[in-house]
Amino acid sequence: MTTRLEVNGRTHELASDDDTPLLYALRDELGLNGAKYGCGLGQCGACTVLVEGEAVFSCITPLAMVAGKRVTTLEGLGTIEKPGRMQAAFIEEQAAQCGFCIPGMIMRAEALLRANPHPDSKEIREALHPNLCRCGTHMRILRAVQRAAKA
Amino acid sequence: MAVYVRSLMDGARHAPARPRPVDDTRAARIYRGACSDCHDHGDPLPFGGIAMERSIGLSGESPRNLANVILYGLPAAQGQTSPVMPGYAGALTDDELAELMAWLRARYTDEPPWPDVAQKVREARKAGEQGARESAGGTGANPARVAEGR
């Protein structure tokens, strides 16, 4: 049985079993490697993507849960030549050290700005709370989200 | 004796294997994909989740606690070992959640079906969104803040 869903505006029929985590299908079947495997338990946020505009841990979300829904990954926000507002802001602020958590940070920040276009710094901190960064890039990440909100 | 024991085994050997029907409902498929990994393998907390048969959320009088936990998860307690669970508010629709909860109740408890699952799901969602707004845009609403009656 295949699972039909929309990823970054295109409809796909995924052949993976529908108990497969969305993260694995995105990376292995569609070659979308933006979302990262961190903890696999929905506790670190590196795998965050948008489902119908909401930030979701893709490592614990099976295909059965996203059938027929619209998924947006990091690749859906822009390209290297033409990065989206959040991607551009992260580049401007050089908000990455090892970079592993950044795709998830960008997606959760994107979800925040879609729901709340002008968050204050407390709102940004609370929204990004589920995402962990072990390098200590937090201050730059906060500046990047603030920059994107002003863009 | 050996002949006797052997004779008992004949029946077992020739009994037709009963194929287990696969539950192919949406709720069962969601359970297998999202819940089973943690809840069905007997790992100790916090590495595994509680066995569904022992969950008060499933056998309780109101479905509200179960709705809160599935939507918003269980945040890690500060400085001590505690159960943790990610929330599924972003991925599950209200219909999917209500189906899943009714399925869990029927499968793991002897209690009658909840009469008001869909309603309680909507209330839990609304309270969570309210809580998130009150805590200034937070996405991981704390179930303690959205508990029934508050």
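In this text, all values refer to a predicted model and were calculated from it rather than measured experimentally. Reminder, nothing fancy here: chain letters follow the sequence lines and each chain counts from 1.
- In this structure, A:Arg114 contributes its side chain and A:Glu54 its backbone to no donor-acceptor pair below 3.5 Å.
- Counting Ile, Leu, Val, Met, Phe, Trp and Tyr side chains that sit under 4.5 Å apart, directly or through other members, A:Leu22 shares a hydrophobic cluster with A:Leu5, A:Val7, A:Leu14, A:Leu26, A:Leu30, A:Leu32, A:Val49, A:Val51, A:Val56, A:Leu63, A:Val66, A:Val71.
- Contacts between B:Thr93 and chain A at a heavy-atom distance below 4.5 Å involve backbone atoms as well as side-chain atoms.
- For A:Arg85 and A:Phe90, the positive end is not near the middle of the six-membered ring at less than 6.0 Å and at most 45° from its axis.
- Ranked by heavy-atom pairs under 4.5 Å with chain B, the list A:Leu50, A:Leu41, A:Asp18, A:Asp17 is led by A:Asp18.
- Among A:Gly42, A:Ser58, A:Gly53, A:Pro62, the residue with the largest count of heavy-atom pairs under 4.5 Å with chain B is A:Pro62.
- Neither side chain, A:Asn8 nor A:Thr72, offers a donor N or O lying under 3.5 Å from an acceptor on the other.
- Looking at B:Tyr31, there are no atoms closer than 4.5 Å to chain A (heavy atoms on both sides), in backbone or side chain.
- Chosen from B:Arg32, B:Arg26, B:Glu96, B:Met85, the residue pairing most often with chain A at heavy-atom distances under 4.5 Å is B:Glu96.
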With a cut-off of 3.5 Å and sequence neighbours excluded, list every side-chain donor-acceptor pair involving residues 140-151 of chain A.
residue, atom, partner, partner atom, Å
A:Arg140, NH1, A:Gln94, O, 3.2
A:Arg143, NE, A:Glu93, OE1, 3.3
A:Arg147, NE, A:Glu93, OE2, 2.9
A:Arg147, NH2, A:Glu93, OE2, 3.3

